[in-house]
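These figures come from a predicted structure and were not determined experimentally.
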Amino acid sequence: MHLSKTSACKKSDSESENILRFNKSLQELRDLRSQLHYAADYCEATFLNAEEKKMAVENTKEYICRAVVVVVDHLGCVSANLNQSISKNNEFSEAELRINALNQRLLSCEQYAHKLALTRVRWNANVPKFHRRYLSTPITSIEIDKSNEDERNPTNCPASPIVIDKHGFEAEDLPLFLYTYTQKPSLGRNSFSIERKDSYSSLALPVRDGVSVLSKGPNPTFHFQQISQKHGRYRLFRQSAHSSNSILSRIRRIKRTT
Amino acid sequence: MARAGGITNAVNVGIAVQADWENREFISHISLNVRRLFEFLLQFEATTKSKLASLNEKLDTLERRLEALEVQVGTATANPSLLST
């Protein structure tokens, strides 16, 4: 701070000195104007009073030439110095650079503050997400199932709400991991759920965790034979036995004919 | 003699006329140079004025930017909660 004050004082002193010099030079110029008038009067007087007027004219010519040359030299010097002092913009450019740097720093600080403020204001979506297998089936389909069962079996008592699906599993006997609910929750499709009640019941198959059976669609090119599981092997055995008996009877017939 | 006197008079007149023309030429040269000098002075004044005006404009912009920076710094220091958030 002290150094800056001393430098400021020095600068003010130099500026005041320059102003004084300029004023002094201006006063000298004004004095020179009067001296020029005196010189012109002297030349005129010498020309009128001189016997050899040619010499007086030559002297005045020489004086005028020297005066003009001096004036031109002086003006050139002054203009060069002024032009040089004006073209010296290093201090201004340095000051501009410093101001630019300060502006940049302030802008960066402002941006950082805005970022911090935005993180406060921003909406943070902390919506709880549940696994789909823990979602319950739509209420309408369950109620419709119950009402249909009541219509079919009017003798059933309504106090036993145990639901038995097509595959013979009881809902209460199965552990939790055996149930998967593949249907997407669509709340606005009650009429659709009413119409396709059986398809929903078929979709709600008991599948073990990790097995993606229902996600894959049925293979259209591959078909199982429509054979009942209960008597499949026995039937085959019976068919094979029947075919062997027919062959033996044919062999006997052939032997008889021969 | 009269013919010779007339010739000398004519020569003197011719010399005087030539000297007069030389003087006129010198004066015209001087006036032309003075006019050139004034033209240079006017041009110099114009260029220096433009340069000083550009410098003044630069200094004005610098002053304004400095003032704006001072105001921004003042507001930032007056509200430290902006930076401490």
Exercise for review: Would you please go through residues 44-66 of chain A and name the residues with a non-hydrogen atom below 4.5 Å from one of chain B, in numerical order?
Suggested key: A/V57, A/K61, A/I64, A/C65

Exercise for review: To the nearest 0.5 Å, tell me how far B/R64 CZ sits from A/I99 CD1.
Suggested key: 13.0 Å

Check your understanding: CG of B/L69 to CZ of A/R98: how many Å apart, nearest 0.5 Å?
Key -> 14.0 Å

Review point. Who in residues 40-55 of chain B is close to chain A, using a strict under-4.5 Å heavy-atom cut-off?
Key: B/F40, B/L41, B/F44, B/T48, B/K51, B/L52, B/L55

Practice item. Could you tell me the separation between the CD atom of A/E96 and the CG atom of B/L66, rounded to the nearest 0.5 Å? Key: 11.0 Å

Review point. What residue in B/L37, B/N33, B/V34 has the most heavy-atom pairs under 4.5 Å with chain A?
Key: B/L37

Revision key, fill the gap. Most heavy-atom pairs under 4.5 Å with chain B, out of A/N100, A/V72, A/T119, A/L102, belong to A/N100

